[in-house]
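To start, the structure itself, in structure tokens.
Quick note: numbers below take in every heavy atom, side chains included, and nothing from hydrogens, waters or symmetry partners.
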Amino acid sequence: MNTFEEMGVMPEIRKAISEMGYVAPMPVQEEVIPLMLEDTGDIIALAQTGTGKTAAYGIPILQRTDIKLRRPQTLILCPTRELCLQIASDLNDYSKYMSNLSVLPVYGGSSIESQIKTLSKSVQVIVATPGRLMDLMNRRVADLSDIKNVILDEADEMLSMGFAEDIEEILSKVPDKRNMLLFSATMPKEIAKITGKYMHAPREIVIGEKNRSNENIRHIYYTVHAKDKYLALKRIADYYPNIYGIIFCRTRRETQEIADKLIHDGYNADALHGELTQAARDYVMQKFRNRNLQILVATDVAARGLDVNNLTHVIHFGLPDEAEAYTHRSGRTARGGKTGISIAICHIKEKGKLRKIMESANCKFEKGTIPDSKTICEKQLFNFADKIEKVKVNEEEIAALMPSIFRKLDWLEKEDIIKRVISLEFDRLIDYYQKAEDIEAVDEKRASTDTGRNREGRRRLSSDQPGDGMKILKLNFGKKDTLLPAQLIELVNHCVKGKRVDIGRIDLYDKFTLFEVGEGDASRVMDAMNSFEADGKAIIVKPATEKGISKKYDPKRENSRNGYSRNNKKRKKYN
């Protein structure tokens, strides 16, 4: 089947989707729409985000809705408020020329009284997040007794967010004689439990391969020292001047810190995480959807359900724990048949995790080299020249202004004008990269697996011979405290306010850690960190000495010796 008409889609819907730009059905639509229109039973559809799945189930459920029955007939469950609103908006667009059809989005973060009021009127399609629907069911205002179609959209995401019990409770309340469609990008074991219990001999449709990443996505990874991850991120962002993408971080704190740094450094970026109010989240997402933001820095949870087309890049600043999460993240680019790039910035201790993702995602990864200064400047300048070449000139609007401009610049040659325009636009960038040193390459074969530092670095720190302009400090936390190099860097820069501290080599021992800082930062680091405690233990930082390293380490004795006993000095808590 090559057209929506041949698949049996009604004229009213065809007219609406034609106005939305739909020309020919996508593969998932070709598979699902005819089956649902023919009412052939339950369906499991495995398809990546951005493959056109909303239309695949939305078109047939709208067409099969009994307009005369003013009660809920279709229930669509999805993981997040954002996806809920997006699905409802799409369904309203598809049904533009269908009179008396009502779609209600039901989600947390908005007035439940308003949703109750709308439910009491005529609603045929409910799009809901599980938590809010459970609230409405407990209040006995959501009547599911006439439900004929149940759609689980992004089922794997709902399960990973802990909605399994809510979903089972909801499914137990809908009629047994109904059709059920489960959409998922991956097929984890948890889904098998739901399909076995609530679906009747489901037909499975696979678009692409199970758990396989979109083939239109190019996967690149860069390996750097933990201290260089942000500098690597900046270079990658500069290397792609027209980037429109999402940077994924593991924690809320890291998300906000990276966004703040990018904004401070002049990038068009903002943060999206769970500590933002709903109004702030909506504002940030609206800016991003409208492309008033180039870069969105987000946690996995906050970005779930964020439906944005034409993303060029997904950047993994921190790798997720599961390959399925990597697949979901990456699938936000290369949607609708377009191409995209997924970039992982890894430090050496993440190599094992990256290897597991490579094997599970079943896709080809390229090892990238961080772009050097010359390459980045050339890329930026040529991109700017390309914009100048392609800019649309409105002759009529500027005609009256041009004679005076020509007179003003008449004394300059063409080459001089070009140089001045370039300098005006790129002086800051060029100045930064003229002074910037290239990021130190990581020798993955020689790098130590427990510290991410090479053997030469361990010998040098253990013998108390710092690098030029550096000073070695000793911290009373080590591997037994589950400290990692990246966490040390975060700890130092959390405690020490003001200018960011550049940290050199790091060497972890069982009960303490040695690390390098610039000589000018050493006193500032010690003064600041010695006023904090972490996990109920006083943080002690002091200059490292051969004698101090070789003695058996006793944190309690050291706290008392330095006058920082928890009993006589109140410390700030680092969480």
Side-chain angles (χ1 to χ4, degrees), residues 28 32 36 43-62 72-94 103-110 112 115 119 123-137 142 144 147 149-171 173-174 178-188 190-191 194-195 198-199 278 281-282 285 289 300-309 324-325 327-329 331-332 335:
V28 69
V32 173
M36 291 190 70
I43 300 171
I44 297 173
L46 299 179
Q48 299 296 324
T49 300
T51 52
K53 55 188 176 64
T54 304
Y57 64 74
I59 289 173
I61 64 167
L62 291 172
Q73 300 167 48
T74 294
L75 172 63
I76 302 171
L77 293 176
C78 58
T80 65
R81 173 185 192 271
E82 291 74 31
L83 184 56
C84 177
L85 288 168
Q86 184 65 47
I87 293 169
S89 175
D90 288 343
L91 294 182
N92 282 321
D93 289 339
Y94 303 153
V103 178
L104 174 65
V106 169
Y107 53 88
S110 67
I112 194 169
Q115 293 172 0
L119 269 175
V123 171
Q124 287 110 343
V125 180
I126 298 175
V127 187
T129 55
R132 175 51 63 92
L133 183 60
M134 283 293 296
D135 288 344
L136 293 170
M137 290 170 62
L144 306 182
I147 293 293
N149 301 288
V150 177
I151 316 293
L152 301 185
D153 197 346
E154 296 200 2
D156 48 355
E157 286 284 359
M158 285 193 284
L159 293 176
S160 70
M161 292 173 70
F163 286 130
E165 290 185 5
D166 287 350
I167 291 172
E168 290 208 40
E169 178 67 18
I170 292 166
L171 294 179
K173 302 299 182 184
V174 300
R178 41 86 187 125
N179 287 333
M180 185 170 168
L181 170 63
L182 184 148
F183 258 106
S184 185
T186 59
M187 194 67 176
E190 294 83 356
I191 289 181
I194 290 179
T195 59
Y198 295 102
M199 301 185 80
Q278 191 60 57
R281 283 165 55 89
D282 291 344
M285 287 189 291
R289 285 195 182 100
D300 286 286
V301 173
R304 281 171 178 160
L306 180 60
D307 190 23
V308 180
N309 293 319
E324 288 85 357
T327 300
H328 269 289
R329 287 180 176 184
R332 297 184 184 279
R335 303 178 69 171

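- Annotation for Val106 and Gln115: closest pair CG1-OE1, 3.7 Å, computed over non-hydrogen atoms.
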For the pair Leu144 and Val150, evaluate side chain to side chain contact (heavy atoms under 4.5 Å, CB included) and give the outcome as yes or no after the intermediate values.
-> CA-CA 10 Å; Leu144 306 182; Val150 177; over 6 Å; no

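- Note that the CE atom of Met137 and the NZ atom of Lys173 stand 6.5 Å from one another [nearest 0.5 Å].
- Take Leu85 and apply the side chain to side chain contact (heavy atoms under 4.5 Å, CB included) test, not counting sequence neighbours, and it matches Arg81, Pro105, Tyr107.
- One distance of note links CG of Leu77 with CD1 of Ile170; it measures 5.0 Å at 0.5 Å rounding.
- If you take CZ on Arg132 and CD1 on Ile126, they are separated by 13.0 Å, rounding to the nearest 0.5 Å.
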Criterion side chain to side chain contact (heavy atoms under 4.5 Å, CB included) on Thr54 and Tyr94, from CA distance to verdict | CA-CA 10 Å; Thr54 304; Tyr94 303 153; 4.2 Å; yes

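- Arg289 CZ to Asn309 CG: the interatomic distance, rounded to the nearest 0.5 Å, is 10.0 Å.
- Ile194 approaches Leu171 most closely through the heavy-atom pair CG2-CD1, 4.1 Å.
- Among all heavy-atom pairs drawn from Ile61 and Ile76, the shortest one is CD1-CD1, 3.8 Å.
- A distance of 5.5 Å separates CD1 in Ile191 from CG in Leu182, rounded to the nearest 0.5 Å.
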Test Phe183 against Val28 for side chain to side chain contact (heavy atoms under 4.5 Å, CB included), laying out the working first.
-> CA-CA 11 Å; Phe183 258 106; Val28 69; 3.8 Å; yes

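- Taking 4.5 Å as the limit, every side-chain heavy atom of Leu181 sits out of range of all side-chain heavy atoms of Asn149.
- Residues Met36 and Ile151 approach most closely at CE-CD1, 4.2 Å, considering heavy atoms.
- When all heavy atoms are compared, the tightest approach of Cys78 to Met158 is C-SD, 3.6 Å.
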Asp156 vs His328, side chain to side chain contact (heavy atoms under 4.5 Å, CB included): CA-CA, chis, key distance, verdict = CA-CA 10 Å; Asp156 48 355; His328 269 289; 2.7 Å; yes

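- Taking CG from Leu152 and CZ from Phe163, the interatomic distance works out to 12.5 Å, rounded to the nearest 0.5 Å.
- Take Asp300 and apply the side chain to side chain contact (heavy atoms under 4.5 Å, CB included) test, not counting sequence neighbours, and it matches Phe248, Arg329.
- The minimum heavy-atom distance between Glu154 and Lys53, with the atom names listed, is CG-NZ, 3.8 Å.
- Checked by atom type, the side-chain pair Tyr57/Asp153 shows a donor-acceptor distance below 3.5 Å.
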